[in-house]
Amino acid sequence: MIELRHITKAYQTPFGPNVVLNDINVALPTGESIGILGKNGAGKSTLLRIIGGAEMPDLGKVYTDGQVSWPIGFSGGFSGALTGEDNCRFVARIYGQNVDRVTDETRAFADIGRYFYMPIRTYSSGMKARLAFGMSMAIDFSVYLVDEVTAVGDANFKKKCQEAFSDRSERSSIIMVSHSPDTIRQYCSRCAVLNRGGLELFPSVDEAYERYAAYQAGDVI
Amino acid sequence: MGQINVINALVLRETRTRFGHHQLGYAWALAEPALMILTFLGMFAVAGRQPASDMDSFGYMATGILPYLLFSKTTVQVSQAINGNKGLLFYPQVKPLDVVFARIALEFSTYVVVFLLLMGANVMLRHEVSVSDPLLIAVGFALASLLGAGLGLIFMGLGQLSNVTERARGPLMRPFFWVSGLFFTVDSLSPRFQEMVVYNPVIHPVELVRAGWFSTYDDTYTNIPYALQCALWMILIGLALEVVTRRRIEVT
């Protein structure tokens with residue numbers, strides 16, 4: 001269970017504070033995979049970073065049980081001067097995992113050949129995504145936070161990601177943010193909608209999508 | 001115990017990033033201060049200046065420049081701990097203060113090694129061992145590190161409040177280079193200047209390292225409690241700023 005209590009986050013802009021998350025109180029069950037739908041700029045990635053503990057909310061707290069991943073599908077976290085292998089060793093160390101095992105599994109999954117031993121700055125964005133995804137699979141998280149990972153990489157890699165997730169659906173679940181209901185449907189059984197700083201959880205993706213479409217059409221505010 | 005893992009991983013990572021994969025990278029850590037020492041030795045020679053009493057020129061320069069560099073590099077590294085490492089904060093295990101600790105540790109160990117190597121080489125070339133009190137040298141290096149950490153933490157906190165901080169840091173730090181006793185000894189100043197210059201906390205570690213190396217060095221003006229208090233107050237203020245600005249960090 002991931003519990004968000006009074007999560008509030010605002011960004012300062014020249015036009016005054018922009019409240020992206022406004023007193024969100026939601027319990028997200030981690031037994032099943034959950035999608036979060038929201039328009040561009042609705043605060044989806046911010047929410048994911050806060051759940052993952054990368055960023056602090058202005059107010060409120062996140063309660064989690066089990067190990068939650070970093071937001072997957074991001075391009076940060078790598079040092080461009082270091083090789084894929086070195087970055088991998090670093091992440092294994094901070095998660096207290098066996099360094100050699102994590103390195104081997106990541107290399108196998110990422111499948112980027114000799115680039116694994118070259119500095120990250122020589123990578124294409126697709127290669128970076130493969131490496132980051134491979135690393136997250138080598139460390140056994142109970143909840144994976146996914147930020148549109150399916151948007152990167154070719155069809156083969158997308159398929160590989162999907163297979164990896166379904167392989168471990170017994171022990172891990174996903175929280176995925178996206179503005180595409182089709183992507184969320186592929187991975188998730190439940191879905192929430194993030195709109196105007198509020199987060200609402202629905203029992204099915206269809207119900208969530210109905211509400212999301214209504215927000216987009218401007219029928220409901 | 002998790003935090004120990006994190007700091008250890010950060011030190012290894014920073015070492016790799018800073019010095020690269022080649023052995024030459026480590027040589028650069030040594031070459032940079034060595035070149036600076038040699039440059040100022042050359043300038044001194046041209047100006048015809050000699051260090052006071054029976055200190056050798058190289059030893060005199062190195063004992064001033066190395067603790068000063070430890071102070072200033074620690075300040076810079078700590079002040080950039082968040083902005084230079086934002087990607088790392090994506091991993092929730094890594095807190096800004098872990099990066100700060102890792103950078104302090106790396107600078108400290110680098111400069112201790114550089115000091116041992118350069119002064120060791122100096123001793124061998126000159127065939128004389130003159131270490132007066134290693135404990136004073138250790139205290140001097142520790143104070144330089146703490147002062148750098150304190151000032152760096154303040155800059156780091158202010159950096160989260162305003163991005164003018166980063167640009168202002170260089171000019172604000174520059175006077176330390178001239179008033180920290182790199183090119184003079186407190187003993188050689190007139191009483192009026194002596195009184196003024198000892199308010200600069202950075203002069204105390206420099207004097208301590210010199211007194212620890214040269215047995216004839218007069219360090220009656222060093223005030224360890226004063227420098228330590230300055231360091232601790234700065235660290236306290238810096239940590240308070242870190243707590244206040246913590247929620248403002250945006251990870252991109």
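Chain letters run A, B, ... following the sequence lines, proteins first, then strands; residues in each count from 1. Note that these values count all heavy atoms, side chains included, but never hydrogens, waters or copies made by symmetry.
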Q: Drop me the distance from B:Thr17's OG1 to A:Asn87's CG, to the nearest 0.5 angstrom.
A: 8.5 Å

(Q) Rounded at 0.5 Å granularity, tell me how far CD in B:Gln93 sits from CD in A:Gln67. (A) 6.0 Å

Q. Which pair of heavy atoms, one from B:Ala9 and one from A:Arg93, lies closest together, and at what distance?
A. CB-CB, 3.5 Å

Q.
Counting only heavy atoms from other residues, nucleotides and ligands, does the tally under 6.0 Å from NZ of A:Lys44 exceed 12?
A. yes

Q. Is the shortest side-chain N to carboxylate O distance from A:Asp86 to B:Arg16 below 4.0 Å?
A. yes

**Q.** Segment of A:Leu59 engaging chain B (4.5 angstrom heavy-atom cut-off)
**A.** backbone

Q | Heavy-atom side-chain proximity of A:Glu55 to B:Ile249 below 4.5 angstrom | A | no

Q. In this structure, are over 12 heavy atoms from other groups packed under 6.0 Å from A:Tyr115 atom OH?
A. no

Q) Hey, is the main chain of A:Asp58 close enough, under 3.5 Å, to the side chain of B:Arg247 for a donor-acceptor pair? A) yes

Q. Tell me, side chain or backbone of A:Val99 under 4.5 Å from chain B's heavy atoms, or both, or neither?
A. neither

Q | Minimum-distance pair of heavy atoms, taken over all atoms of A:Trp70 and B:Phe90 | A | CB-O, 3.8 Å

**Q.** chain A contact via B:Leu12 - which portion, at a heavy-atom distance below 4.5 Å
**A.** side chain

Q. Atom CD of A:Gln97 and atom CG of B:Asn5: how far apart are they, to the nearest 0.5 Å?
A. 10.5 Å

**Q.** Interface moiety of B:Leu10 toward chain A, non-hydrogen atoms closer than 4.5 Å
**A.** both

**Q.** Enclosure of A:Arg114 CZ (heavy-atom neighbours >12, cutoff 6.0 Å)
**A.** no

Q. Do you know which two heavy atoms are closest between A:Ala54 and B:Pro92, and how far apart they sit?
A. N-CB, 4.5 Å

**Q.** Crowding at CZ, B:Phe101 (>12 non-hydrogen neighbours, <6.0 Å)
**A.** no

Q.
Tell me which of these, A:Gly52, A:Gly53, A:Pro57, has more heavy-atom pairs under 4.5 Å with chain B than the rest.
A. A:Pro57

**Q.** Structural part of A:Pro119 lying under 4.5 Å from a heavy atom of chain B
**A.** neither

Q | chain B neighbours within residues 5-34 of chain A, where any heavy atom lies under 4.5 Å away | A | A:Lys9, A:Tyr11

